[in-house]
Asker: 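Here you go, one structure.
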Amino acid sequence: MEPLYQSKIECTCCEQIFMTSRVRPSFKRAIKTDADFCGYYKAEVNPDFYVVRVCPNCGFASTENGLERLNDLQKKQYMEKIGSHWKNQDFSSERSAQQAMASYKLALLSAQAVGEKDRVIAGILHHIAWLYRYEANHHEEKRFLRFALQAYVRVYESEGVSLNNAKLMYLIGELNRRIGEENEAVRWFSRVVNDKKIVDASMIRACREQWQFIREEMEARRLSSSGDESQEDNNAQTDHTVSTSA
């Protein structure tokens with residue numbers, strides 16, 4: 001069985017019908033998942049590459065979580081900012097990593113043009129960070145994690161009461177950890193652990209684990225720094241020896 005199948009979509013903007021590739025559920029099982037839910041899959045297909053639907057007619061790109069309908073003003077805003085410059089491109093078949101990145105950045109531009117909700121924009125930004133992670137482009141990954149984090153915080157401030165608070169708070173803590181804001185990460189993790197109203201056991205456990213992981217990393221750095229200061233001459237000789245051996 002092929003991992004991809006074709007699905008018929010009506011464009012939210014121009015209302016033209018187009019085809020897009022989807023990944024069969026049996027091929028969506030990740031072999032590994034990072035703490036911020038980034039999945040790793042077998043080589044033949046990565047479901048993250050096919051989240052965005054791109055209209056070949058007007059270029060409007062969106063995810064399943066995006067707006068189902070655009071009003072006339074939103075359509076006008078999109079066409080003025082992006083659609084009028086669109087040159088027909090086909091994203092309907094198998095996508096490379098480069099095409100997947102292009103589809104997400106189109107989705108980001110589209111979402112910003114029509115005033116999409118922060119939770120949708122946060123998800124797009126987070127996925128772009130994952131694509132950079134797959135490429136081991138750490139600088140761009142961290143840059144988009146920071147953008148995603150800012151959007152998630154806005155979601156919490158505006159919609160937190162109606163969402164799964166524990167998962168959102170965990171994610172804010174984890175993204176803070178990944179961009180090096182450890183104190184802020186601990187603040188969010190501790191809020192989940194200590195809030196008696198939160199009963200999501202899996203998220204409480206995840207927050208405890210990441211909180212402990214930060215403690216261990218900080219202690220390891222402290223001990224390493226202490227050791228470096230006390231044995232500077234020995235370390236210099238050791239580094240030289242290792243370098244020579246390599």
Side-chain angles (χ1 to χ4, degrees), residues 1-30 37-39 41-42 44-132 134 144 147-148 151-152 154-155 158-159 162-164 167-168 171:
M1 182 184 295
E2 292 294 320
L4 299 179
Y5 69 94
Q6 292 284 297
S7 180
K8 188 181 294 184
I9 301 292
E10 179 181 326
C11 178
T12 313
C13 184
C14 71
E15 300 180 6
Q16 292 288 315
I17 302 297
F18 65 95
M19 304 300 291
T20 190
S21 291
R22 305 287 297 274
V23 178
R24 297 184 191 280
S26 58
F27 288 87
K28 289 185 177 181
R29 290 190 292 271
F37 311 119
C38 175
Y41 305 87
K42 292 182 179 178
E44 65 256 41
V45 65
N46 185 331
D48 285 337
F49 285 14
Y50 301 92
V51 170
V52 176
R53 299 91 57 91
V54 182
C55 175
N57 181 57
C58 71
F60 188 80
S62 62
T63 69
E64 289 183 347
N65 297 322
L67 293 166
E68 294 183 2
R69 288 285 181 270
L70 300 182
N71 60 38
D72 290 342
L73 177 59
Q74 289 171 318
K75 291 178 180 181
K76 182 174 182 289
Q77 289 172 333
Y78 170 76
M79 292 306 297
E80 287 178 349
K81 294 177 180 178
I82 302 168
S84 60
H85 309 291
W86 173 252
K87 295 180 180 178
N88 192 293
Q89 297 179 56
D90 183 12
F91 287 84
S92 64
S93 56
E94 186 174 351
R95 294 177 185 174
S96 65
Q98 185 177 12
Q99 289 171 318
M101 182 70 79
S103 74
Y104 276 106
K105 291 192 174 180
L106 276 170
L108 179 60
L109 291 172
S110 298
Q112 291 171 334
V114 301
E116 185 59 89
K117 291 182 178 179
D118 280 323
R119 59 183 171 83
V120 174
I121 292 176
I124 294 170
L125 290 165
H126 199 175
H127 273 81
I128 292 174
W130 291 349
L131 294 187
Y132 279 121
Y134 295 143
F144 276 89
F147 292 150
Y152 280 129
R154 291 195 299 270
V155 174
S158 62
E159 304 180 40
S162 61
L163 298 175
N164 180 343
K167 186 173 182 179
L168 181 59
L171 203 49

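On a predicted model such as this, the values are computed, not experimentally measured, just so you know. For the single chain, residues carry numbers from 1 onward in sequence order. What you see below is based on every heavy atom in this structure, not just the backbone, and it leaves out hydrogens, waters and symmetry mates.
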Asker: What's the spacing between Leu4 CG and Phe27 CZ if we round to 0.5 Å?
Answerer: 8.5 Å
Asker: Which residues pass the salt bridge (Lys or Arg N to Asp or Glu O under 4.0 Å) test with Arg154, not counting sequence neighbours?
Answerer: Asp118
Asker: Taking salt bridge (Lys or Arg N to Asp or Glu O under 4.0 Å) as the test, write out the residues that go with Lys76, two or more places apart.
Answerer: Glu80
Asker: Could you tell me if the ring centre of Phe37 sits under 6.0 Å from that of His126?
Answerer: no
Asker: Sequence neighbours left out, what pairs pass salt bridge (Lys or Arg N to Asp or Glu O under 4.0 Å) with at least one residue falling in residues 57-71?
Answerer: Arg22-Glu64
Asker: Under the side-chain contact (heavy atoms from CB on, under 4.5 Å) test, which residues partner Ser96, sequence neighbours left out?
Answerer: Gln98, Gln99
Asker: When the side chains of residues 5-19 are checked against the rest of the protein, which donor-acceptor pairs come out under 3.5 Å, sequence neighbours left out?
Answerer:
from	atom 1	to	atom 2	distance (Å)
Gln6	NE2	Ser21	OG	2.8
Gln6	NE2	Ser92	O	2.9
Glu15	OE2	Lys75	NZ	3.1

Asker: Give the C-alpha distance, both sets of side-chain angles, the deciding distance and a yes or no for side chain to side chain contact (heavy atoms under 4.5 Å, CB included) between Phe49 and Val23.
Answerer: CA-CA 9 Å; Phe49 285 14; Val23 178; over 6 Å; no
Asker: Please enumerate all residues that pass side-chain contact (heavy atoms from CB on, under 4.5 Å) together with Asn71, with sequence neighbours excluded.
Answerer: Leu73, Gln74
Asker: If every non-hydrogen atom of Gly39 is compared with every non-hydrogen atom of Asp48, which pair is closest and at what distance?
Answerer: O-OD2, 4.3 Å
Asker: About how many Å separate CD1 of Ile128 and CZ of Phe144, when rounded to the nearest 0.5 Å?
Answerer: 5.0 Å
Asker: Please enumerate all residues that pass side-chain hydrogen bond (donor to acceptor under 3.5 Å, both in side chains) together with Asn46, with sequence neighbours excluded.
Answerer: none
Asker: Please identify which of these residues, Ile124, Thr63, Thr20, meets the side-chain contact (heavy atoms from CB on, under 4.5 Å) condition with Val52.
Answerer: Thr63
Asker: Which pair of non-hydrogen atoms, one from Val54 and one from Ser103, has the smallest distance, and what is that distance?
Answerer: CG2-CB, 3.9 Å
Asker: Partners of Tyr50 by ring-ring contact (aromatic ring centres under 6.0 Å, His included), sequence neighbours excluded?
Answerer: none
Asker: Could you note down all residue pairs passing ring-ring contact (aromatic ring centres under 6.0 Å, His included) where residues 68-99 supplies at least one of them, sequence neighbours left out?
Answerer: Phe60-Tyr78
Asker: So, using ring-ring contact (aromatic ring centres under 6.0 Å, His included) as the criterion, who are the partners of Tyr104 when residues are at least two apart?
Answerer: His127
Asker: So do the side chains of Arg53 and Ser62 get within less than 4.5 Å of each other, counting heavy atoms only?
Answerer: yes
Asker: Applying salt bridge (Lys or Arg N to Asp or Glu O under 4.0 Å), which residue pairs with at least one partner in residues 88-109 are found, sequence neighbours left out?
Answerer: none
Asker: Output side-chain donor-acceptor pairs under 3.5 Å for residues 107-117, partner residues at least two apart or in another chain, one line each.
Answerer:
from	atom 1	to	atom 2	distance (Å)
Ser110	OG	Ala61	N	3.2
Ser110	OG	Leu106	O	2.8
Glu116	OE1	Leu67	N	2.9

